[in-house]
Amino acid sequence: MTKPVGKPDAGKLHVRFDERGEETERATSASPRLSSTLLKRNKTDVADAEAICEAVTRPTMRFVPVKTAEQQAASMILRTREMLMRQRSQTANALRAHMAELGIIAGTGMASIAKLLVLLRDEKDNRIPGAARFALILFAEQIELLTTRIEKLDREILVAVRKDPDARCLMSIPGVGPLIAATVRTCSSSVLISISGPVR
């Protein structure tokens with residue numbers, strides 16, 4: 001028998017199983033906007049637990065559907081891509097700044113970085129000292145590695161959204177591409193139902 005457990009919505013799936021593989025406990029996520037007014041201000045686990053227990057017993061409380069394991073997995077791919085994008089931007093900005101110190105200026109964007117990488121590997125260009133070239137090539141290799149990993153994740157996201165009917169429906173909207181569709185796909189099923197209804 002499944003026992004409901006109240007918790008504030010934190011975007012995490014909370015399901016427990018017994019030794020036979022049967023579900024024994026499933027968390028019920030209270031709406032954070034409504035339950036936050038009940039939280040105690042002295043921020044202890046006991047006070048928070050008391051507020052959550054009070055919130056889930058109220059008849060007017062609305063609950064957030066629990067995400068499936070598949071939705072959580074899809075969200076992990078998106079968060080990994082976001083982190084790699086931040087790392088690539090940080091490395092590219094560092095490379096651009098160091099090259100600017102040598103009088104080599106490049107515009108923003110990865111297209112300008114690609115030109116810098118070609119210039120950096122040109123041994124005939126004597127504007128870049130040997131020690132600087134050695135250090136900056138490490139940046140170049142890191143940018144290329146991150147780009148390869150981001151492209152790999154992009155392919156995985158594209159394959160996943162093409163398999164999902166709701167995501168395909170979302171991509172029929174002008175301006176909605178695989179990334180936006182994948183992001184909405186990681187939302188709870190009730191959001192997808194409300195979105196997919198009028199679009200079809």
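Rounding to the nearest 0.5 Å places CD1 of I150 at 4.0 Å from CZ of R88. For the atom pair CG (L146) and CD (E144), the distance works out to 10.5 Å, reported to the nearest 0.5 Å.
In this structure, the side chains of R127 and L119 come closer than 4.5 Å at one or more pairs of heavy atoms.
Other residues, nucleotides and ligands contribute only 12 or fewer heavy atoms inside 6.0 Å of the CZ atom of R149. No more than 12 heavy atoms of other residues, nucleotides or ligands lie within 6.0 Å of CZ in R162, so this atom counts as exposed by the packing criterion.
Considering all non-hydrogen atoms of both residues, I180 and G175 come closest at CD1-O, 3.7 Å. Across every non-hydrogen atom of I77 and E156, the tightest pair is CD1-CG, 3.9 Å. G107 and R96 get closest at one heavy-atom pair: O-NE, 3.0 Å.
A chain of hydrophobic side-chain contacts below 4.5 Å, direct or via other Ile, Leu, Val, Met, Phe, Trp or Tyr residues, connects V176 to V184.
P178 pairs with exactly one of D154, L170, V161, T183 by the side-chain contact (heavy atoms from CB on, under 4.5 Å) rule, that one being V161.
No side-chain donor-acceptor contact under 3.5 Å links S89 to the backbone of R86. Although no hydrogens or angles enter the test, the distance criterion places a donor-acceptor pair under 3.5 Å between the side chain of R133 and the main chain of L120.
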